[in-house]
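The structure under discussion appears below in the form of C-alpha cells.
Reminder, nothing fancy here: chain letters follow the sequence lines and each chain counts from 1. This structure is a prediction, so every number in the text was calculated from the model and none was measured.
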Amino acid sequence: MLLSSSFYARSAREVAPELLGCFLIRKINGRIIKTKIVETEAYCGPNDLASHASRGRTERNKVMFGPAGIIYVYFTYGMHYMFNIVTGPTNYPDAVLIRAVEPLNKILKTNGPARLTKVLAIDKKFNGLAIYNKKNNLWIEKAETKIKPARIIKAARIGIDYAGKYKNKKWRFYVKDNKYVSAK
DNA sequence: ACGATGATGAAC
DNA sequence: TTCATCATCGTA
C-alpha cells in the first residue's frame, strides 16, 4: 500500500524510524526495481546545525520548506546525489535522508546514500516531485511487517562533525545486522 | 590512509 | 576568490 502524504506530515524524527522496512520502488523503462529501506537519518527543523536548512532558505534547499511528501535531491562533493523526503508542516524545514536500501529483486550494490541514488537513477529531476503517488516512477509502499523496535538501532548521524551540539543526537536509524547499512 | 572529484553556498 | 561540505572510488 502506498504511503500517503499525511504519513510524511509529522516530524522527521517520527517518520525516519517508521520508514525502515518500507519499500522504495523505482520503475525504469517499465521494469520495477524493488528495495527495502534499511537506514535513514532525520534532519530536524531550522535549528539543526547538521541540516542545510540551519542557514536559512537557499536555491538548493527551498523544497525542504515546502509541503511533506516531496522529494529533496541535492548534488554534493561535485559527484553524488542525495535523496531526502520532506516531512513536517509546510514552511518548517524537516526532512528524512534515505541512507541505505536492500535490493529485493536484483543483485545490486546499494549500501550508502550516493550508491542508492546511482543504482536507482535518482537525480535532480526528482527534486520537488511527490513521493506519495506513482506518477514519477518512484514511490514508497508500507512495510509488510513492522521492524521490531529491538532491531532498530539509533545512532549519531554520519558526516556531520561540524554540527556542534547536534552532532551527537541519535537521529540515525538502521536495521540491526543488515548488510546493506552504510559503513562506519 | 589519502587524493580526486567539481556543485552549491558561505565566508572572506 | 577561496573554502568546506549529509561521499565514494582508486591508488598506496
Side-chain angles (χ1 to χ4, degrees), chain A residues 8 10-20 22 24 26 33 35-66 68-88 91-103 106-129 131 138 140 152-175 178-184:
Chain A
Y8 303 101
R10 297 175 290 148
S11 76
R13 278 150 63 190
E14 285 177 83
V15 174
E18 288 190 31
L19 281 173
L20 297 178
C22 293
L24 176 66
R26 176 77 167 103
I33 301 175
T35 69
K36 187 165 74 177
I37 297 170
V38 296
E39 182 179 3
T40 58
E41 283 179 2
Y43 286 85
C44 308
N47 300 317
D48 179 1
L49 293 173
S51 172
H52 290 162
S54 68
R55 282 157 306 195
R57 189 189 187 110
T58 66
E59 185 58 30
R60 177 173 64 167
N61 71 16
K62 63 185 178 188
V63 308
M64 288 184 81
F65 292 79
I70 296 300
I71 298 164
Y72 172 41
V73 175
Y74 68 90
F75 194 55
T76 193
Y77 293 106
M79 298 188 72
H80 303 302
Y81 293 102
M82 298 288 145
F83 171 50
N84 302 256
I85 298 164
V86 177
T87 57
N91 294 316
Y92 186 79
D94 223 37
V96 174
L97 170 65
I98 308 299
R99 277 196 66 89
V101 298
E102 175 180 341
K106 269 179 181 292
I107 297 166
L108 296 168
K109 197 164 184 221
T110 57
N111 45 320
R115 300 294 303 277
L116 83 88
T117 56
K118 186 171 183 208
V119 166
L120 298 181
I122 295 170
D123 61 22
K124 283 234 75 143
K125 293 195 303 290
F126 287 90
N127 192 46
L129 301 183
I131 195 72
L138 180 67
I140 295 179
I152 296 178
I153 308 297
K154 297 178 180 66
R157 293 171 293 178
I158 301 292
I160 51 135
D161 287 347
Y162 56 85
K165 68 177 182 178
Y166 286 89
K167 98 175 149 132
N168 295 317
K169 300 274 186 199
K170 300 286 191 286
W171 290 346
R172 175 185 179 217
F173 306 90
Y174 63 90
V175 178
N178 186 286
K179 73 176 206 175
Y180 293 94
V181 169
S182 61
K184 282 190 206 175

Side chain proximity check, A:Tyr43 to A:Thr87, heavy atoms < 4.5 angstrom: no

Distances under 3.5 Å between nitrogen or oxygen atoms of protein and nucleotides 1-3 of chain C:
none

Touch class at under 4.0 angstrom, heavy-atom based, for A:Leu97 against every strand present: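 Base contact - A:Leu97 has a heavy atom under 4.0 Å of at least one base atom.
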
If you restrict it to nitrogen or oxygen atoms, what contacts under 3.5 Å exist between nucleotides 10-12 of chain C and the protein, and what is each distance?
none

Nearest whole Å is fine: how far is [N] [atom2] from [X] [atom1]?
X: A:His80; N: B:dT8; atom1: NE2; atom2: P; answer: 15 Å
X: A:Tyr77; N: B:dA4; atom1: OH; atom2: P; answer: 16 Å
X: A:Arg157; N: C:dA7; atom1: CZ; atom2: C1'; answer: 17 Å
X: A:Leu116; N: C:dT8; atom1: CG; atom2: C1'; answer: 13 Å
X: A:Tyr81; N: C:dT8; atom1: OH; atom2: C1'; answer: 15 Å

salt_bridge(A:Arg13, A:Asp48) N-O dist < 4.0 Å: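 Between A:Asp48 and A:Arg13 there is no salt bridge, as every charged N stays at least 4.0 Å from the carboxylate O atoms.
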
Is the backbone N or O of [Y] less than 3.5 Å from a side-chain atom of [X], with the two atoms forming a donor-acceptor pair by type?
X: A:Asn168; Y: A:Ala156; answer: no
X: A:Glu102; Y: A:Asn178; answer: no
X: A:Asp94; Y: A:Ala12; answer: yes

Side chain to side chain contact (heavy atoms under 4.5 Å, CB included) assessment of A:Leu19 paired with A:Ile140: CA-CA 9 Å; A:Leu19 281 173; A:Ile140 295 179; 4.3 Å; yes

Under the salt bridge (Lys or Arg N to Asp or Glu O under 4.0 Å) test, residues paired with A:Lys125 that sit two or more places apart: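 Only A:Asp123 meet the salt bridge (Lys or Arg N to Asp or Glu O under 4.0 Å) criterion with A:Lys125.
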
Residue mapping more 5' on DNA chain C - nearest nucleotide basis, A:Pro113 or A:Gly78: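 Its nearest nucleotide lies further toward 5', so the answer is A:Gly78.
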
Residue whose nearest DNA chain C nucleotide is more 5′ - A:Asp161 or A:Lys109: A:Asp161

Sequence-distant partners of A:Tyr81, ring-ring contact (aromatic ring centres under 6.0 Å, His included), two or more places apart: A:Phe75

Helical stems, DNA chain B - three or more consecutive Watson-Crick or G-U wobble pairs below 3.5 Å: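 So the stems come out as B:1-5 with C:7-11, B:7-11 with C:1-5.
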
Nucleic acid contacts of residues 41-63 of chain A, taken as heavy-atom distances under 4.0 Å to DNA chain B: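 Result for residues 41-63 of chain A: A:Arg55, A:Thr58, A:Glu59, A:Arg60, sorted by number.
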
